[in-house]
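This report concerns only the one structure given below.
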Amino acid sequence: MECKVCRTALSARIDGERETVPAARVDEHLEQCGECCSWYVAAVETSKRLRATSSYAPDLTDAIFAAAELERPRPSLPARLVAAVPATRTTGIRVVLGLLGLLQCALALAQLVGVDFGMSHHQHGAEMTRHLINESTAWSLAIGVGFIYCAVRPIAAAGVLPVLGVLVAALSAFVVADLYSGVVPISRVLSHAVLVVALALVVVVHRTRRPDTSPPTSDRVPTDLVLPPGAQFGRRLGHLRSTHDPAA
């Protein structure tokens with residue numbers, strides 16, 4: 001086995017990939033070739049050092065767009081705000097947001113089982129009813145704005161979908177119970193059909209939206225590829241050898 005073939009197989013072994021030749025033949029060559037054995041030890045140590053240290057890659061986005069004679073798209077305002085926040089602070093914000101989500105779910109479950117949050121105060125019954133109507137109005141307005149935003153920015157459908165799905169599922173259960181008890185008219189139930197239709201449309205938008213990371217297009221006219229003398233189109237296969245070739 002040639003040293004070049006052996007080192008190619010060893011490189012694949014270090015990276016956790018499938019070796020180009022049988023491993024037994026590679027190990028047999030290592031026992032007989034001190035240079036390849038030393039190369040393998042050095043390659044393993046180098047790989048360990050590279051994986052243990054955090055590598056830094058420079059941002060070449062501007063240079064790439066300039067070389068391709070393309071104009072770099074300007075990032076959106078949310079993207080610029082996210083980039084301005086350090087990674088450690090972003091993790092803390094996500095933790096706090098998750099805790100607030102758990103707290104909000106706990107409040108909803110407590111209200112579901114009948115815990116009094118001041119809504120059943122006898123002295124302010126009419127005011128509390130008006131407050132509940134205002135809460136429902138605010139929620140309906142927020143959901144409507146979310147639908148419009150999904151229509152304008154389809155990428156937002158990924159965030160609206162779980163909220164709208166839980167809303168439709170929970171509201172459907174409440175509507176069935178209220179219909180059985182006779183405390184809600186049919187006209188009010190039919191008004192919720194907007195949410196069901198919107199949920200189906202949000203699912204369609206989420207499944208069919210195109211990513212915003214599509215490669216930019218260029219106005220340059222492609223030129224014919226000129227091959228050097230002796231070259232030809234297609235893949236070169238003449239340099240490949242079978243794993244059972246004794247010359248490998």
Side-chain angles (χ1 to χ4, degrees), residues 1-70 72-73 75 79 82-83 85-95 97-98 154-155 157-159 161-162 203-204 206-218 220-248:
M1 176 184 295
E2 297 179 357
C3 293
K4 181 179 179 180
V5 177
C6 177
R7 296 180 184 183
T8 301
L10 291 175
S11 179
R13 179 185 299 182
I14 295 174
D15 295 336
E17 302 175 356
R18 183 178 180 180
E19 300 181 27
T20 55
V21 293
R25 298 186 59 187
V26 175
D27 295 337
E28 181 181 354
H29 180 81
L30 282 178
E31 295 177 356
Q32 302 175 357
C33 181
E35 294 182 0
C36 287
C37 185
S38 301
W39 180 92
Y40 180 52
V41 173
V44 171
E45 293 297 329
T46 302
S47 178
K48 290 181 179 179
R49 288 196 300 268
L50 291 177
R51 295 177 181 177
T53 58
S54 57
S55 58
Y56 169 76
D59 187 5
L60 301 177
T61 306
D62 293 331
I64 294 174
F65 275 95
E69 299 181 4
L70 298 173
R72 179 177 181 177
V82 171
V85 179
T88 55
R89 184 175 300 178
T90 303
T91 303
I93 293 175
R94 292 174 60 187
V95 171
L97 182 59
I155 192 174
L161 184 57
V203 171
V204 173
H206 176 64
R207 297 290 298 273
T208 58
R209 72 177 182 87
R210 299 182 62 182
D212 295 339
T213 56
S214 301
T217 58
S218 175
R220 294 184 300 174
V221 179
T223 58
D224 295 335
L225 181 62
V226 179
L227 296 179
Q232 59 182 358
F233 288 101
R235 298 182 60 185
R236 296 185 300 109
L237 302 177
H239 66 289
L240 300 179
R241 297 178 179 177
S242 173
T243 56
H244 301 289
D245 189 354

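For the atom pair SG of C33 and CD of E28, the computed distance is 12.5 Å after rounding to the nearest 0.5 Å. Atoms CD and SG, from E2 and C36 in turn, are 10.5 Å apart once rounded to the nearest 0.5 Å.
Sorted by first and then second residue, the side-chain hydrogen bond (donor to acceptor under 3.5 Å, both in side chains) pairs involving residues 34-44 (not counting sequence neighbours) form an empty list.
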For residues 3-18, which side-chain donor-acceptor pairs fall under 3.5 Å, sequence neighbours excluded?
{"residue": "T8", "atom": "OG1", "partner": "K4", "partner atom": "O", "Å": "2.9"}
{"residue": "R13", "atom": "NE", "partner": "E19", "partner atom": "OE2", "Å": "2.6"}
{"residue": "R13", "atom": "NH1", "partner": "D27", "partner atom": "OD1", "Å": "3.1"}
{"residue": "R13", "atom": "NH2", "partner": "E19", "partner atom": "OE1", "Å": "3.3"}
{"residue": "R13", "atom": "NH2", "partner": "E19", "partner atom": "OE2", "Å": "3.2"}
{"residue": "R13", "atom": "NH2", "partner": "D27", "partner atom": "OD1", "Å": "3.2"}

